**Student:** 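Dropping a structure here in structure tokens format, bear with me for questions.
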Protein chains: 4
Amino acid sequence: MRVVVMSRKGGVGKSTTAIHLAGYLAGVSGGEASVLLVDTDPSRNALRVARRGRLPFRVVGEEEVDENPSLAREAQHLIVDMRGSPSAEEIEDAMRLAEVMVIPIMPSGLALDTLLQTRRDIKRLGREDRYRVLLTAVPPWPYRRGPQARAQLEEIGIPLFGTDIRRLEAFEAAADEGVLVRDLPDRRAQRAWEDYTRVGEELVEWVRSVRTPDLHAARSGGGA
Amino acid sequence: MRVVVMSRKGGVGKSTTAIHLAGYLAGVSGGEASVLLVDTDPSRNALRVARRGRLPFRVVGEEEVDENPSLAREAQHLIVDMRGSPSAEEIEDAMRLAEVMVIPIMPSGLALDTLLQTRRDIKRLGREDRYRVLLTAVPPWPYRRGPQARAQLEEIGIPLFGTDIRRLEAFEAAADEGVLVRDLPDRRAQRAWEDYTRVGEELVEWVRSVRTPDLHAARSGGGA
Amino acid sequence: MRVVVMSRKGGVGKSTTAIHLAGYLAGVSGGEASVLLVDTDPSRNALRVARRGRLPFRVVGEEEVDENPSLAREAQHLIVDMRGSPSAEEIEDAMRLAEVMVIPIMPSGLALDTLLQTRRDIKRLGREDRYRVLLTAVPPWPYRRGPQARAQLEEIGIPLFGTDIRRLEAFEAAADEGVLVRDLPDRRAQRAWEDYTRVGEELVEWVRSVRTPDLHAARSGGGA
Amino acid sequence: MRVVVMSRKGGVGKSTTAIHLAGYLAGVSGGEASVLLVDTDPSRNALRVARRGRLPFRVVGEEEVDENPSLAREAQHLIVDMRGSPSAEEIEDAMRLAEVMVIPIMPSGLALDTLLQTRRDIKRLGREDRYRVLLTAVPPWPYRRGPQARAQLEEIGIPLFGTDIRRLEAFEAAADEGVLVRDLPDRRAQRAWEDYTRVGEELVEWVRSVRTPDLHAARSGGGA
DNA sequence: TGAGTTAGAATGGCACCACCCGTC
DNA sequence: GACGGGTGGTGCCATTCTAACTCA
């Protein structure tokens, strides 16, 4: 599986998303060796987190892959934490590389504006079925920003993951410790892990359908 | 007064800080014309907010100032919302332009790492007394991230504003409406405005001391 | 059987392990004469314990074996309490001498780091199937260090004995008296002995499989 | 203040003692720069702990001091974590360097034997008033090993710190985190810190008396 | 329309309890 | 067998925020 995690704005949980999706895939596939997270972001946050503790998969910087391309070829699952504000060309390159693209955004009013530009770029490439937006850092009830943003995005036809990532302190603690939220001893951290588990399941199902488009189309077409 | 608001990471309240400090200065000086906010960030978030509603000062993009440099010269107070991850050269240019630099960061573990790099760049320029860090989006009690981050920053000798900006929904609402939190009808928004008021007071006092270093030294020396 | 007990750190129960494995083998083989414990550690702790009381096997210092090599040749079972922080060459020598190597470590965070270096040395010698780690001084419930360390070691693929040695006062008392925990009048000491009994059984089984690799392979192959 | 922490056996809390005494001195003197911990032990455990987190003083390896001797000269307080089983010559060198020597040992029967050899070496150097033994990892009541060991050591005239360091899980947690027990959020960790605080106070008082032997003798002699 | 009240969620500190160990 | 102590897990509570509801 080749997944790119991309977003125009920073501080939206991009590294957190890349790390936890990689962790989900590593847990599902069962082996450390088969998952590779490539950190392309200049801030190198994913690499920093990896150095602080122990993640159940390998994290490398962009330059390591450039020197040793077999790293990426041999990985069963490849997650790319893409740099912050990519140009249209960079988006194009990433979409060629990846099977799917995950775009985390926070439920903020300004985030939507920038998302529209990204959608234009992707549409121009004819890859509208290959990206999906993930709402992250969603505050709890009775905050309305989460449902509001979801409604707005759905209204304008942005494809969304069915599960949101909640704003939970556990994600901060996990980044500090250099581990997945799953591996924190805190009870509450398990709820944080549930969010990414659901997203991971959805991701796997989605990639499967992307890989067999005609079969999928035939099935859903036949059911209609 | 010439102030640059800068940060390496995105999503830390940079535009919010630039807008509200400009708003504070506009309120103090009493007239709209005398304050200019220059949005240098490629995301143009400050400009977007300005277009949505009505801010009590003028907001222009970088290119407008390039075309019409008198804009900046004539402004009594100049606030620059600097682009996201500036290079050392860009930092140098900004420090030449500005009297002081405000660096907003969120109380996150990873933010500190990147801050150290910024400090190195500034130290190399010999402008250590010209920057100050502002903690933004600080969650309320019983969260410990705020006090924790403050303690860590003080320990390693980072200059901090004495007041933190709390994480309040009012800032989101204000950005959506295109106004200052001061101008929201919500009661809670007033508390958000208080935070920036205190920071603004501190800023004014700081710039005054920066402008008259010998006077300041003489005064404190004479008072002893 | 030729067993080397080795560890990089001190105070991890190395002598205790050497003594009790020797005691187990002496009990199984039935005669005192057939088991020899060679104390190579400069602290000579095993020899000290032996001199204090009565162990059911012979304990000699390194120099005695150098003077009289037939001692080692004639022993049916040879246990070596190796010196504390061996160099790569010493490890190589020991691995040539021994059929298997037992590495006791305490469940401490720092112990793992040093263990990785040892693993590298052993891997370089191509003897990865000839060493096994024994968790010692494992505190009781509700301490989590024991299970935690076991999980970490298993995750990174370190071969472990299935049974841990608990942290029990009986081991201290036995060392003071110069006897095996088996020979203490205390009831609780029996539980301490059980731990080493299980490890001893595992050791015997392991050495058997090491000696007849093809037979073992054939047997498991034939069972299919 | 120049302190050497030394012991013949490993795993007795030598690094923990060096780190926490350094931490105490850093806290008393109030500044990070004035305390230097030199890790001479080949296992480099103190350096490892320092790299994991943030200690309020500088930790360097032996080689760094060799390259840059001014490091040690400029430090107000110098703590040396000495290598594990030092020879008589190494002890001599250390005693020449240090004002006082702290010898942590665990309350184990075997530890006493090795301690006697160390005492002989020190006596031969005529520095009997410059070393003191610290009981570490003392288990709680109703274990008797702590008081027992203290009684034995006092009987044979070994100088002891008046306070023992208890065996508390907090020390393991602190080493994992790379911080002092003082900086752990756990309540129980504060009790661990109290132990070293008392030892630190005793150490400061002791060094003061060592520096002004006649004054001290005069004062205690005069009764004033 | 504006002020006060209330519900829900999240974090973190506190108290309590289970469990094991060693001694008397 | 009782007792004291350490550790870690569970449950409870205080505090804060937001948004909806009620009331004047």
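Here the structure is a predicted model, which means the values were calculated and not measured. We name chains A, B, ... by the order of the sequence lines, and we start the count at 1 in each one.
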**Student:** Can you tell me how far P of E:dT23 sits from CD of D:Gln148, to the nearest Å?
**Tutor:**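 After rounding, the reported distance stands at 8 Å.
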**Student:** Restricting to side chain to side chain contact (heavy atoms under 4.5 Å, CB included), what partner residues turn up for C:Ala170, sequence neighbours left out?
**Tutor:**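 Side chain to side chain contact (heavy atoms under 4.5 Å, CB included) list for C:Ala170, sorted by chain: C:Val181, C:Leu184, C:Ala189, C:Ala192.
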**Student:** Just jot down the salt bridge (charged side-chain N to carboxylate O under 4.0 Å, His left out) partners of A:Glu202, sequence neighbours excluded, or say none.
**Tutor:**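 Only A:Arg132 meet the salt bridge (charged side-chain N to carboxylate O under 4.0 Å, His left out) criterion with A:Glu202.
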**Student:** What residues form a salt bridge (charged side-chain N to carboxylate O under 4.0 Å, His left out) with C:Arg191, not counting sequence neighbours?
**Tutor:**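 For C:Arg191 there are no salt bridge (charged side-chain N to carboxylate O under 4.0 Å, His left out) partners, ignoring immediate neighbours.
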**Student:** For D:Phe161, enumerate each residue passing the ring-ring contact (aromatic ring centres under 6.0 Å, His included) test, keeping only those at least two apart in sequence or located in another chain.
**Tutor:**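 Applying ring-ring contact (aromatic ring centres under 6.0 Å, His included) to D:Phe161 gives D:Trp206.
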**Student:** Find the distance D:Asp195:CG to F:dG6:P and express it as a whole number of Å.
**Tutor:**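 Roughly 11 Å, once rounded to whole Å.
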**Student:** I'd like to check B:Arg167 versus B:Val138 (side-chain heavy atoms, cut-off strictly below 4.5 Å). Are they in contact?
**Tutor:**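 No, their side chains stay 4.5 Å or more apart.
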**Student:** For C:Thr16, which residues count as a side chain to side chain contact (heavy atoms under 4.5 Å, CB included) partner, sequence neighbours excluded?
**Tutor:**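 Expected list: C:His20, C:Phe171, C:Tyr196.
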**Student:** Are any of the side-chain nitrogens in A:Arg188 or A:Glu169 under 4.0 Å away from the carboxylate oxygens of its partner?
**Tutor:**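 Salt bridge flag = no for A:Glu169 with A:Arg188.
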**Student:** Identify the pairs formed between an N or O of the protein and an N or O of nucleotides 9-14 of chain F at a distance under 3.5 Å, and give each distance.
**Tutor:**
from  : atom 1 : to       : atom 2 : distance (Å)
F:dG9 : OP2    : C:Arg144 : NH1    : 3.4

**Student:** Using whole Å, report how far CG of B:Asp186 lies from P of E:dA3.
**Tutor:**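 Atom-to-atom, B:Asp186 to E:dA3, this comes out as 10 Å.
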**Student:** F:dT7 P sits how many Å from C:Tyr143 OH, rounded?
**Tutor:**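 To the nearest whole Å, that distance equals 5 Å.
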**Student:** Please round to 10 degrees the angle between the axis of the first five pairs and the axis of the last five pairs in the helix from E:dT1-F:dA24 to E:dC24-F:dG1.
**Tutor:**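 It comes to 40° between the two terminal axes.
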**Student:** Mind checking side chain to side chain contact (heavy atoms under 4.5 Å, CB included) for B:Arg144 and listing every partner two or more places apart, or none if nothing turns up?
**Tutor:**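 Testing B:Arg144 for side chain to side chain contact (heavy atoms under 4.5 Å, CB included), a comparison that skips the adjacent residues, returns B:Gln148, D:Pro185.
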**Student:** Sequence neighbours left out, what passes salt bridge (charged side-chain N to carboxylate O under 4.0 Å, His left out) with A:Arg150? Give chain and number order.
**Tutor:**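 If we apply the salt bridge (charged side-chain N to carboxylate O under 4.0 Å, His left out) test to A:Arg150, skipping adjacent residues, the hits are A:Glu154, A:Asp164.
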**Student:** In residues 163-181 of chain D, which ones come under 4.0 Å of DNA chain F, going by heavy atoms?
**Tutor:**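 When residues 163-181 of chain D is checked for heavy atoms under 4.0 Å from DNA chain F, the hits, listed by number, are D:Leu168, D:Glu169.
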**Student:** Can you tell me if the side-chain N/O atoms of D:Arg191 get under 4.0 Å from OP1 or OP2 in F:dG6?
**Tutor:**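 Yes.
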**Student:** Name all residues meeting the side chain to side chain contact (heavy atoms under 4.5 Å, CB included) criterion together with A:Pro142; count only those two or more places apart in sequence or in a different chain, and write none if there are none.
**Tutor:**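 For A:Pro142 there are no side chain to side chain contact (heavy atoms under 4.5 Å, CB included) partners, ignoring immediate neighbours.
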**Student:** Which salt bridge (Lys or Arg N to Asp or Glu O under 4.0 Å) pairs, counting each pair once, include a residue from residues 174-185 of chain C, with sequence neighbours left out?
**Tutor:**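 Pairs touching residues 174-185 of chain C that pass the test: C:Arg52-C:Asp176.
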